[in-house]
Undergrad: 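This is the structure, below, for whatever I ask next.
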There are 2 protein chains.
Amino acid sequence: MTAVAGPEPSEPIPGATVARLPLYLRGLVDRSEAGVGTVSSVELADLAGVNAANVRKDLSYLHAHGTRGVGYEVDHLITEISLVLGGDEPNPVIIVGVGNLGRALSSYDGFVAGGFPVAGLVDADPEVVGRRIAGKVVRPVDDLGALVTETGSTVGIVATPAHAAQEATNRLVAAGIRSILNFAPAVVVVPAPVDLRQVDLATELQILGYHQHRRTDADPVMSRVAG
Amino acid sequence: MTAVAGPEPSEPIPGATVARLPLYLRGLVDRSEAGVGTVSSVELADLAGVNAANVRKDLSYLHAHGTRGVGYEVDHLITEISLVLGGDEPNPVIIVGVGNLGRALSSYDGFVAGGFPVAGLVDADPEVVGRRIAGKVVRPVDDLGALVTETGSTVGIVATPAHAAQEATNRLVAAGIRSILNFAPAVVVVPAPVDLRQVDLATELQILGYHQHRRTDADPVMSRVAG
DNA sequence: AGACGCTTGTGCACTATTTCACATGACACG
DNA sequence: CGTGTCATGTGAAATAGTGCACAAGCGTCT
């Protein structure tokens, strides 16, 4: 007797695969809007910029089967992937820190489109609290708990300066947030049951810097640019 | 010129390692400012949120040796890593697209701190061109070539809407940009010699969504929150 | 001078991920 | 209804990345 309870224990999907699913989803939505009914793994691979075999293996983890000789049904696959990526319902998020970045994120369309509407804004600066940004009033940090309850949010975004990131994170966790996306350039720690992802903008540039530096170093002839 | 054949072909550093170097660098700078002279791999691992053995192996790729029984010399290591990550000189960047996100990036302190000062802003919208943002005048897309020459930029940031991302990328490439950081929620392609990294904000949330959804699914009892 | 404690550097095993290669099955067409 | 074409699904090999465990080296203290 393996498992009695639940429709499936559904073995976890590899992290690398999960990270690609949103890309597939985006490509699929695009195709769906273009009226296309099916896509092959090759097309989808192009859309996402990965290898076709990889696409097929990824989709096999979802138990999202295609039709041999034809491909995958676009709309069905959209449903399937959406379901895996946090259910079909919108997942409201709360942003802590409405500096430059926080403000930009507050009105970032992609969040809504991706099923993560911004439900609340919070800032520690009394100067900022009360202002209206992207149609929402910024509330004090102490309101976090209430805000989480009101909005039913389970996802928080940290967009504070680096030195305030851990504190902001702690507050979010205390308020009952279950997943945190940290944009502050600082490593933060969270208790086990909370999920965390770091997005470090400057770091991305530095990574690019390595490759560029390396190339320049290795190959002095680099004045040629494809026409 | 320096490199005849180079002092070393210097075997490439694994991508996973390169991605961690900026984290180490940040931690090291922090410690340096705190007046600390040396760090152990364990401390550095804490600072970056990774395994200590991993730190040591990473640093070994840089040929950045530490002292047994003591640790790594902070300032020396900073120099070493900075050098690997695109040289010691600032690397000016140009931002294409000054919508919400572009504006936020224009004044993002982390870029300057990371050695990537914003040297120019460009937008396709005539309405926006000419405006002053973060102390810089937004210039038309057609000025890209000139701007690259003037500023000596080799790095470009795409912060346009998705539908304009490929076009923006093409323009950057044509202007002689060598590395591109794409924030638009779209897969873009670049010719071989150009380096590209994608940062997709909504995607990050969706990845978090998977884990959360999965957990909620697997464990219906989740009303308990640590007090 | 010698012994001790601390920390590096790295071989090795293990895990994760990618990619190939191909058998298998589905559809369309005559 | 048989045949050809196409694209999936997947075993297995190749590749990448992680983390353990320990020998070796450095500095300090007596």
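Chain letters run A, B, ... following the sequence lines, proteins first, then strands; residues in each count from 1. Computed over heavy atoms, backbone and side chain alike; hydrogens, waters and symmetry mates excluded. Being a predicted model, the structure only gives us computed values, none of them experimental.
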Undergrad: OH of A:Tyr61 to OG1 of A:Thr17: how many Å apart, nearest 0.5 Å?
TA: 5.5 Å
Undergrad: Please find the earliest and latest nucleotides of DNA chain D, in the 5' to 3' direction, that have an atom within less than 4.0 Å of any heavy atom of chain A.
TA: D:dC6 to D:dA12
Undergrad: Check DNA chain D against residues 26-39 of chain B and give the residues with a non-hydrogen atom under 4.0 Å, in numerical order.
TA: none
Undergrad: What heavy-atom pair brings B:Thr160 and B:Gly97 nearest, and what distance separates the two atoms?
TA: CG2-CA, 4.1 Å
Undergrad: I'd like to know whether CG of A:Asp109 has more than 12 heavy-atom contacts from other residues, nucleotides or ligands below 6.0 angstrom.
TA: no
Undergrad: A:Ala53 near the nucleic acid: base, sugar-phosphate alone, or nothing, with a heavy-atom cut-off under 4.0 Å?
TA: base
Undergrad: Please tell me which of A:Asn54 and B:Tyr72 maps to the more 5' nucleotide of DNA chain C, matching each residue to the nucleotide holding its nearest heavy atom.
TA: B:Tyr72
Undergrad: At the 4.0 Å heavy-atom cut-off to chain B, mark where contacts on DNA chain C begin and end, going 5' to 3'.
TA: C:dC6 to C:dC12
Undergrad: Does one side chain, of B:Ser82 or B:Asp88, offer a donor that lies under 3.5 Å from an acceptor on the other?
TA: no
Undergrad: Got a sec, which pairs hit side-chain hydrogen bond (donor to acceptor under 3.5 Å, both in side chains) with one end in residues 179-192 of chain B, sequence neighbours left out?
TA: A:Gln212-B:Ser179, B:Asn182-B:Gln198
Undergrad: For A:Asp58 and A:Tyr24, which I'm curious about, is there any donor-acceptor pair between the side chains at under 3.5 Å?
TA: yes
Undergrad: Could you work out, with salt bridge (charged side-chain N to carboxylate O under 4.0 Å, His left out) as the rule, every residue matching B:Glu80, not counting sequence neighbours?
TA: none
Undergrad: Which residue, B:Arg68 or A:Val70, contacts DNA chain C at a nucleotide closer to its 5' end, judged by nearest heavy atom?
TA: B:Arg68
Undergrad: Quick one: side-chain hydrogen bond (donor to acceptor under 3.5 Å, both in side chains) pairs with a partner in residues 45-55 of chain B, sequence neighbours left out?
TA: B:Arg20-B:Asn54
Undergrad: So, does A:Arg197 use its side chain to make a donor-acceptor pair with the main chain of B:Leu205 at under 3.5 Å?
TA: no
Undergrad: In Å and rounded to the nearest 0.5 Å, what is the CG to CD1 distance from B:Leu62 to B:Ile13?
TA: 5.0 Å
